[in-house]
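Each remark here refers to the structure printed beneath this line.
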Amino acid sequence: MTEPDATRLERLSGMLKRRGILLPAFEIYGGAKGLYDFGPVGGRLRNKVNQAWLNHWLSLGNIVEISCPTVTPYSVLEASGHVGEFSDFMTVCGACEEASRADTLLEPHHSNPDSLTKSELQNLLNQSQPPCPVCQAVEWSEVTAQNLMFNTTIGAGTSGRPGFLRPETAQGMFTSFPALYRHNRERLPFGAIQVGKGYRNEISPRQGMIRLREFNMAELEYFINPHEEAKHDFSPWGEHKITLLADGEGEIQMSFKEAVEQNVIRHATVGYFMAQTFDFLTKIGIDSQRLRFRQHESDEMAHYASDCWDAEIHGSFGWVECVGIAHRGCYDLESHEKATGKSLRARREFSEPKIIETDGWTIDGAKAGPAFRALAGAVKLAVENLPAETSFPHTLSLPEGEEVTVEAEHVKRDQRTETITGEWYIPHVVEPAFGIDRIIWHILDHGYDETGKDGEEYTVMRLSEHVAPVDYCVFPLFEKDGMGEIAKSIHATLCSKQNIVSMYDSSGSIGRRYARADEIGVPKCITVDHQSLEDQTVTIRERDSGEQHRVHIDSL
RNA sequence: GCGGAUAUGGUGUAGUGGUAACAUAGGAGGUUUCCAACCUCUUGUCGCGGGUUCGACUCCCGCUAUCCGCACCA
């Protein structure tokens, strides 16, 4: 970071705090690391970014919005892999109360304790009885999961079950898959989106909004049929070149279409969502020249992903990953299916039904069951593999080594024709996951313009109208001769309209009021002056150009 | 988590073992006031908790937070 950037960052942060956009949370109690408030201006900004995001994806037509709890049972995040990948297991010494990592304590007793589950660690701890590294006592508490996820207890006392605050919104969309599938008339592809809070008990939150312990995230889980080739129309992006940092290729300039065709982007849907992400970010005010996509190297990939691209935005903290677009394969649905035994599958019909002719033997359960007892299952498998021309009695060698003689009365002929028209498969998932706080930071960072005006220091927040927290400021040139009343009535009318925020300001000189409005990015200011009293017109002044034009009050 | 630095009105800074200053911002009023003008009046500050002391914003200890390295990290 260069020196001018560092002081600019200080001025920007100071302004954000002073004007109620972004503030450290709980500051009267000394603050808390990694937790921020969106103030009276920032709250509205966050909401507009969220809304713009929802609208952007809903416009694709096959996307639904859902909302799932942040409090999540232990077993859900165990199945998803987060307990293993996101947690360290802790145990506390009963003598000196020092907390230790269970896997570290057990290193002398196991080659790779990091890979063990909670109950395996507990068992090994009970068996091996390692001494406390601090006081040498052997008095360990029950092993508990700690660290990157905030853990909690759902319910009271001994009946409570363990849980976490979610580290991502995605899991709720996977566990809702059956309802989503039904809602979408059992047809893929479709997507589900939600915006909400996620929590990670980061070891070391830094750099303001970049690494938070509680953060706003917005995720789309898009369920696709891996047996169908994904087709997407890239013509809206044409030959527009994007900066890509591809695994092993370095920085290249390519259109989305080329990148997908040349397999730099390994899946067309990933490429399509990268293009959609590019549109969204530039629409809400991210500078397209300071945006690039970087492909994860294979050893960098999260535990669930098979291909992943980050959208990185350049700002005061350098290049920061703000969106991750991951091909998660069938990892999540498969994991939850295994853990619960519930089907999380979609049906696909074959283009040609598969006809399976069976001509062979199977057992007659009523005879073979009593005859072979525990071995009956193995006998059945073996008999069904016998050729049709086998004659009985027949001696079989079972896999476990036993020899049995199968009599004719134990078997019956099995001749049938089955028509299989389709199959149940686990859908694949492509997930664009947006860090809303990081994006908001960069909107502010890119919009913050202190180029000055007439040689004096002057700052303007050049926010897109899609996200500007205040739409209009209404000023009376003076608050007298009826100008104040006209301005207040305009203000009241604007406020009564849906999704319009107007601010009324009558204090200070008119120039000062324009400056205050510019600082928080108000796109348009409306001023009531003497002429308004005579002909019912007002001036509208544009933030970015400073130009004014006069319109009738009724046309506002 | 380790090491270093820092913590004074909303913001940016000064300063002292004897209850704190400047600028700016904010509020009220004035000024026919259209790009941070001017005049008058005015609100508001020593991060938290201990200790030393007659007395601590100041010295000491601990905590918390912030910033910079290192480590970790969708």
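Atom set for the values below is all heavy atoms of this structure, side chains included, hydrogens, waters and symmetry mates excluded. Note on naming: letters A, B, ... go to the chains in the order of the sequence lines (proteins, then strands), and numbering restarts at 1 for each one.
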Would you indicate which nucleotide in B:A36, B:U33, B:A65 comes nearest to any side-chain atom of A:F478?
B:U33
P atom, B:U42 versus B:C35: distance in rounded Å?
31 Å
Round to a whole Å and report the spacing from CE of A:M483 to P of B:U31.
12 Å
Mind checking A:T459 for me? I need base, sugar-phosphate or nothing, with any heavy atom below 4.0 Å counting as a touch.
base
Residue pairs involving residues 516-540 of chain A (criterion ring-ring contact (aromatic ring centres under 6.0 Å, His included); sequence neighbours excluded)
A:F478-A:H530
Closest approach to the side chain of A:E519, judged atom by atom: which nucleotide of B:A36, B:C34, B:G27 is it?
B:A36
List the residues meeting side-chain contact (heavy atoms from CB on, under 4.5 Å) with A:A52, not counting sequence neighbours, and say none if there are none.
A:F280, A:I284
Go through B:U33, B:U11, B:G26 for me and flag the one nearest to the A:L477 side chain.
B:U33
Using the P atoms only, state how far B:G1 lies from B:C54, rounded to an integer number of Å.
38 Å
Given atom CZ of A:R211 and atom C1' of B:C68, what is their separation to the nearest angstrom?
15 Å
Between B:C41 and B:U53, how far apart are the two P atoms, rounded to whole Å?
46 Å
Which whole-number value in Å describes the distance from A:H82 NE2 to B:C73 P?
15 Å
Contact class for A:T539 (heavy atom, under 4.0 Å): base, sugar-phosphate, or nothing?
base
Rounded to whole angstrom, note down the P distance from B:C57 over to B:U31.
46 Å
Quick one: salt bridge (charged side-chain N to carboxylate O under 4.0 Å, His left out) partners of A:E334, sequence neighbours excluded?
none
Let's see if you get this right: which residues in residues 546-556 of chain A place a heavy atom under 4.0 Å from RNA chain B?
A:G546, A:Q548
For B:G51 versus B:G12, give the span between their C1' atoms, rounded off to a whole number of Å.
33 Å
Does a side chain donor of either A:D310 or A:H296 reach within less than 3.5 Å of an acceptor in the other side chain?
yes
Nearest-Å distance, CG (A:D505) to P (B:U33)?
19 Å
Dot-bracket for RNA chain B, 5' to 3', counting Watson-Crick or G-U wobble pairs under 3.5 Å, with [ ] for crossing pairs and | for inter-strand pairs?
(((((((..((((....[..)))).(((((.......)))))....(((((..]....))))))))))))....
Round to the nearest Å and state the distance from A:E450 atom CD to B:A36 atom P.
17 Å
Checking only heavy atoms, does the side chain of A:R541 share a donor-acceptor pair with the base of B:C35 at less than 3.5 Å?
yes
What distance, rounded to whole Å, do you find between the two C1' atoms, one in B:A21 and one in B:G44?
14 Å
Check this one for me: any side-chain N or O of A:K33 less than 4.0 Å away from OP1 or OP2 of B:A65?
no
Go through the structure and list residues passing salt bridge (charged side-chain N to carboxylate O under 4.0 Å, His left out) with A:E337, not counting sequence neighbours.
A:R345
With sequence neighbours excluded, residues passing salt bridge (charged side-chain N to carboxylate O under 4.0 Å, His left out) with A:E479:
A:K488
May I ask you to say whether A:E519 pairs ionically with A:R19, meaning some side-chain N is under 4.0 Å from a carboxylate O?
yes
Judged by each residue's nearest nucleotide on RNA chain B, which is more toward the 5′ side, A:A32 or A:D529?
A:D529
Given atom CZ of A:R19 and atom C1' of B:A36, what is their separation to the nearest angstrom?
11 Å
Could you tell me how far apart A:D481 (CG) and B:U33 (C1') are, to the nearest whole angstrom?
13 Å
Can you give one letter per nucleotide of nucleotides 37-50 of chain B, 5' to 3': B if a protein heavy atom sits under 4.0 Å from the base, S if only from the sugar-phosphate, - if neither?
B-------------
Taking atom types as modelled and ignoring hydrogens, do the side chains of A:S80 and A:Y331 form a donor-acceptor contact shorter than 3.5 angstrom?
no
B:U43 and B:U6: how far apart are their P atoms, nearest whole angstrom?
34 Å
Want to settle it: does A:M15 or A:G435 sit nearer the 5' end of RNA chain B, counting the closest nucleotide to each?
A:M15
Check the distance between B:C72's P and A:M149's CE and give it to me in whole angstrom.
21 Å
Quantified in whole Å, what is the P atom distance between nucleotide B:A56 and nucleotide B:G69?
39 Å
Which of B:A36, B:C34, B:U33 is nearest the side chain of A:Y514? It is B:C34
Under the ring pair (Phe, Tyr, Trp, His ring centres under 6.0 Å) test, which residues partner A:H314, sequence neighbours left out?
A:W319
A:Y36-A:F215 aromatic ring centre distance below 6.0 Å:
no
Counterpart residues, ring pair (Phe, Tyr, Trp, His ring centres under 6.0 Å), relative to A:Y448 (two or more places apart)
none
List the residues meeting salt bridge (charged side-chain N to carboxylate O under 4.0 Å, His left out) with A:E219, not counting sequence neighbours, and say none if there are none.
none
Looking only at side chains, do A:D518 and A:Y458 share a donor and an acceptor under 3.5 Å apart?
yes
What pairs with A:S288 under side-chain contact (heavy atoms from CB on, under 4.5 Å), at least two apart in sequence or on another chain?
A:F278, A:T282
Would you say a side-chain N or O of A:R18 is under 4.0 Å from OP1 or OP2 of B:U24?
no
